[in-house]
Each structure stands twice: as C-alpha cells, then as structure tokens.
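Inspection log for the structure reproduced underneath, given as structure tokens.
Worth knowing before you read on, the calculation uses all heavy atoms, side chains too, and leaves out hydrogens, waters and symmetry mates. Residues take their numbers from the sequence shown, with the count starting at 1.
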Amino acid sequence: MARSIGSELDGRAVRSLGGGNRLVLHLDGELLLTVENDFRLRHGAEVEHFYPALGLSPSGTLGRLADAVITATTVTPAGGLHLVFDSGHVLAVAPDPAPGGPAHPWQLSSPAGLLCTGGPDGSVTP
C-alpha cells in the first residue's frame with residue numbers, strides 16, 4: 001500500500017457496525033476495518049473494555065460510532081491501532097493477542113482485498 005493507513009482512514013465515516021466474535025466497521029468507500037483483538041473505547045473519562053472472543057454486539061456504547069467520522073489514525077510502535085472520532089470517542093486496539101488469540105489484532109480491507117494488517121509481532125504489513 002503506497003499510502004499510509006492514516007491517509008486511508010482519516011475523514012471516513014462509519015456507515016455501519018458488525019459484531020459477533022469481532023468488531024467490523026463498515027466505512028465510506030467500501031472499506032472494512034476488522035478488529036479481532038481486545039480493545040478499549042474511551043469517551044472523556046469513561047472507558048469501556050471489549051473482548052471480541054467473548055462475543056460483542058454493535059449496540060450501546062459501540063453503537064455510538066455509527067456515522068462518526070475518523071479524524072486521526074495512529075499505529076503504535078508495537079502495532080496497536082488508535083482511532084479518534086469526531087464524536088470524541090477513541091478506539092484503541094491492543095497490539096498483542098493472547099496466546100491462542102487472533103493472528104492479526106486488526107485488518108483493513110477493500111472489495112479488492114487486504115490493504116493493511118497488524119501483525120502478531122507488532123508489525124504492520126501493507
């Protein structure tokens with residue numbers, strides 16, 4: 001991928017969310033951001049922890065991300081992902097899955113295929 005993940009995600013709105021054993025953000029431009037690892041959703045002083053392996057529903061706090069626009073994207077040195085939304089929410093994906101956990105904590109894809117993924121060793125693979 002010639003462009004950075006921030007240039008791919010910043011300014012895109014969340015059109016819908018999917019749950020189950022992963023969080024799926026359906027974004028503008030037919031992009032899918034899939035989060036399989038544990039993550040936090042922060043809004044002000046409120047922090048909620050999510051564990052996709054235990055199942056999750058895209059309602060409640062997560063449902064507030066519908067129609068929110070990503071304003072800033074950061075990949076941490078360890079391969080975690082932080083998204084800041086215009087709603088004031090911050091989604092932070094942990095970089096390291098637990099032993100036996102998902103191979104990739106998060107992935108970004110388009111209808112043409114995989115664009116970028118966080119690796120099990122903290123790397124980001126375009």
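A heavy-atom distance below 4.5 Å is not found between the side chains of Leu25 and Ile70. Put simply, the side chain of Val93 does not reach to within 4.5 Å of the side chain of Leu23, judged on heavy atoms.
Each salt bridge (Lys or Arg N to Asp or Glu O under 4.0 Å) pair with one or both residues in residues 54-63, not counting sequence neighbours, would appear here, but there are none.
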### Message
side chain to side chain contact (heavy atoms under 4.5 Å, CB included), that's the test. Do Leu81 and Leu33 meet it? Break it down for me.
### Response
CA-CA 11 Å; Leu81 181 66; Leu33 179 63; 4.0 Å; yes

### Message
Would Ser109 and Leu115 count as a side chain to side chain contact (heavy atoms under 4.5 Å, CB included) here? Give the steps.
### Response
CA-CA 5 Å; Ser109 59; Leu115 298 172; 5.5 Å; no

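Taking Asp86 as the reference, nothing meets the side-chain hydrogen bond (donor to acceptor under 3.5 Å, both in side chains) condition, with sequence neighbours excluded. For Thr73, the side-chain hydrogen bond (donor to acceptor under 3.5 Å, both in side chains) test picks out Asp10, with sequence neighbours left out. Contacts of Asp28 classified as salt bridge (Lys or Arg N to Asp or Glu O under 4.0 Å), with partners at least two apart in sequence or in another chain: Arg15.
Under the 4.5 Å side-chain heavy-atom criterion for Ile, Leu, Val, Met, Phe, Trp and Tyr, Val84 and Ile5 are members of distinct hydrophobic clusters. Hydrophobic clustering keeps Leu83 apart from Val69 (ILVMFWY residues linked when any side-chain heavy atoms are closer than 4.5 Å, directly or through intermediates). At a threshold of 4.5 Å between side-chain heavy atoms, the hydrophobic network of Ile, Leu, Val, Met, Phe, Trp and Tyr places Leu27 and Leu17 in one connected group. When hydrophobic clusters are built by joining Ile, Leu, Val, Met, Phe, Trp and Tyr residues whose side-chain heavy atoms come closer than 4.5 Å, directly or via intermediates, Leu65 is grouped together with Leu31.
Put simply, the side chain of Trp106 never gets that close to the backbone of Cys116: no donor and acceptor are under 3.5 Å apart.
Cluster partners of Val24, by chain and number: Leu32. The rule joins Ile, Leu, Val, Met, Phe, Trp and Tyr whenever side-chain heavy atoms lie under 4.5 Å apart.
Across His104 and Glu36, no two heavy atoms sit closer than the pair O-CB, 3.9 Å. When all heavy atoms of Pro95 and Gly80 are compared, the pair lying nearest together is CB-N, 3.3 Å. Counting all heavy atoms, side chain and backbone alike, Pro105 lies closest to Ala94 at CB-O, 3.5 Å.
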Under 3.5 Å, which donor-acceptor pairs do the side chains of residues 43-57 form with other protein atoms, sequence neighbours left out?
{"unit_1": "His43", "atom_1": "NE2", "unit_2": "Ser87", "atom_2": "O", "d": "3.1"}
{"unit_1": "Glu48", "atom_1": "OE1", "unit_2": "Thr61", "atom_2": "OG1", "d": "2.6"}
{"unit_1": "Ser57", "atom_1": "OG", "unit_2": "Ser59", "atom_2": "OG", "d": "3.0"}

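Taking CZ of Arg12 as the reference point, atom CD of Glu30 lies at 10.0 Å (rounded to 0.5 Å).
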